[in-house]
A.B. asks: 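Have a look at this one.
Everything quoted here is computed from the prediction, not taken from an experiment.
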Amino acid sequence: MTEYRTALGASSRESITLLGTDLARDVMGTVGFGELAFWLATQRRPTPGETRVFEAVLAALADHGFTPTAIVARLTHLSAPDSVQGALAAGLLGGGSRFLGVTEDCGRFLHDVLTSAEGGLPADDAGWDALALETVTAQRAAGRFVPGLGHHVHKDGDPRTPRLFEIAAEEGLVGPHLALFAAIGRVHPQVLGRTLPLNGAGVCGAALADLGLPLELLRGFALLARTAGLIGQLAEELRHPVANEIFLSVDLNNRSVAPDPYEPDPLPSTDNGGRHG
């Protein structure tokens with residue numbers, strides 16, 4: 001008979017095991033949800049310091065007001081109030097390169113820079129600044145943004161960023177990803193000619209990468225955090241609804257305009273007189 005091996009949850013008639021422990025006896029009422037989420041993803045139990053940093057990340061990403069993810073969750077609930085899972089799913093599906101996905105984009109970006117750094121990692125701030133300057137310069141030359149740099153609201157500084165650096169420092173968990181991200185914050189004005197904030201989603205990605213969490217799952221942790229926020233959005237919608245006003249503000253203020261036909265970009269001409277063969 002085929003076996004499907006797992007170190008996660010397994011059930012028998014008498015008990016449930018999770019990560020090699022008895023769920024009812026050793027986990028429930030003993031292990032916090034943030035600690036358990038970390039444990040499930042890594043299959044190693046985090047230290048108290050790692051748990052604190054991880055849960056600070058979850059708190060930072062849980063809710064950020066009327067973002068597209070929150071609005072679409074509320075509107076979906078308006079359309080299908082019998083489907084809470086649909087409203088939550090709609091909000092989570094909006095986690096991409098502009099909202100929430102920056103957490104993974106930044107973590108991956110920093111990791112790629114670190115793994116390709118020649119001569120080993122820097123040993124002091126001057127070395128980190130030099131690596132960061134090289135990195136930002138290369139991104140600028142290629143016409144690419146630096147993930148985690150800039151915010152559409154917190155233009156003078158994202159309050160989540162210094163706090164997460166502070167917590168990581170208190171726990172001795174400022175690793176190379178956070179060090180490089182901080183250096184990018186210090187040197188980028190030299191290249192860009194203006195000062196942009198290090199945003200909260202980016203610093204969260206750096207912190208998660210320093211915790212050794214799988215880079216491929218960093219967006220998943222952002223979505224885990226935002227799930228709690230979306231539940232809060234839906235709970236508020238039940239008591240103080242705004243979704244119908246949002247819907248009507250669009251529906252009652254639309255204006256008919258003339259069609260604007262799509263035109264594909266022209267293809268280059270052929271050199272055989274237009275004949276195909």
A.B. asks: Same cluster or not: Phe165 versus Phe109, using hydrophobic residues (I, L, V, M, F, W, Y) connected whenever any side-chain heavy atoms lie under 4.5 Å apart?
C.D. replies: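 Yes, it is one cluster - the side chains of Phe165 and Phe109 are joined through contacts under 4.5 Å.
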A.B. asks: Any donor-acceptor pair under 3.5 Å linking the side chain of Thr67 with the backbone of His64?
C.D. replies: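 No, because the side chain of Thr67 does not come within donor-acceptor range (under 3.5 Å) of the backbone of His64.
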A.B. asks: For His151, give me all partners under side chain to side chain donor-acceptor pair (under 3.5 Å), at least two apart in sequence or on another chain.
C.D. replies: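 None.
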A.B. asks: Salt bridge check, Glu35 against Arg52: does any charged N sit closer than 4.0 Å to a carboxylate O?
C.D. replies: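 Looking at Arg52 and Glu35, the cut-off is not met.
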A.B. asks: Does Glu134 have more than 12 heavy atoms from other residues, nucleotides or ligands lying within 6.0 Å of its CD?
C.D. replies: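 It does not: Glu134 CD has 12 such atoms or fewer within range.
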A.B. asks: Indicate the atoms forming the closest heavy-atom contact of Gln233 with Ala70, along with that distance.
C.D. replies: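 What the structure gives for the nearest pair is CD-CB, 3.6 Å.
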A.B. asks: Looking only at atom types and distance, does a side-chain atom of Asp210 sit under 3.5 Å from a main-chain N or O of Leu178, one as donor and one as acceptor?
C.D. replies: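 Flag set: sc Asp210 to bb Leu178 pair under 3.5 Å.
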A.B. asks: Of all heavy-atom pairs between Thr76 and Ala90, which one has the smallest distance, and what is that distance?
C.D. replies: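 So the minimum-distance heavy-atom pair works out to OG1-CB, 3.3 Å.
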A.B. asks: Only one of Val250, Leu252, Asp251 forms a side chain to side chain contact (heavy atoms under 4.5 Å, CB included) with Asn254, so which one is it?
C.D. replies: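 Answer to the side chain to side chain contact (heavy atoms under 4.5 Å, CB included) test with Asn254 among Val250, Leu252, Asp251: Asp251.
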A.B. asks: Test side-chain contact (heavy atoms from CB on, under 4.5 Å) on Leu131 and Leu180 and set out the steps.
C.D. replies: CA-CA 8 Å; Leu131 178 58; Leu180 176 58; 4.1 Å; yes
A.B. asks: In terms of side-chain heavy atoms, does Ser15 have a donor or acceptor partner in Ser12 at a distance below 3.5 Å?
C.D. replies: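 The criterion, which ignores hydrogens and geometry beyond distance, is satisfied for Ser12 and Ser15.
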A.B. asks: Under 6.0 Å between the ring centres of Phe38 and Phe221?
C.D. replies: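 Ring-ring flag for Phe38/Phe221: false, centres at least 6.0 Å apart.
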A.B. asks: Please report the closest heavy-atom contact between Thr30 and Arg25, naming both atoms and the distance.
C.D. replies: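 Closest pair (atom of Thr30, atom of Arg25, distance): OG1-O, 4.4 Å.
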A.B. asks: What closest approach, in Å, do Gly148 and Phe181 show between heavy atoms, and which atom pair accounts for it?
C.D. replies: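 Residues Gly148 and Phe181, closest heavy atoms: O-CZ, 3.5 Å.
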A.B. asks: Any side-chain heavy atom of Leu92 sitting closer than 4.5 Å to one from Leu223?
C.D. replies: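 The answer is yes; the side chains approach within 4.5 Å.
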A.B. asks: State, without any angle test, whether Arg226 and Thr69 hold a side-chain donor-acceptor pair at a distance under 3.5 Å.
C.D. replies: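 Indeed, the side chains of Arg226 and Thr69 share at least one donor-acceptor pair under 3.5 Å.
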A.B. asks: At their closest point, which heavy atom of Ala37 faces which heavy atom of Leu224, and how far apart are they?
C.D. replies: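 For Ala37 and Leu224, the tightest heavy-atom pair comes out as CB-CD2, 3.8 Å.
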A.B. asks: Can you give me the closest heavy-atom contact between Ala225 and Leu58, atom names plus distance?
C.D. replies: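 Scanning both residues, the minimum pair turns out to be CB-O, 3.3 Å.
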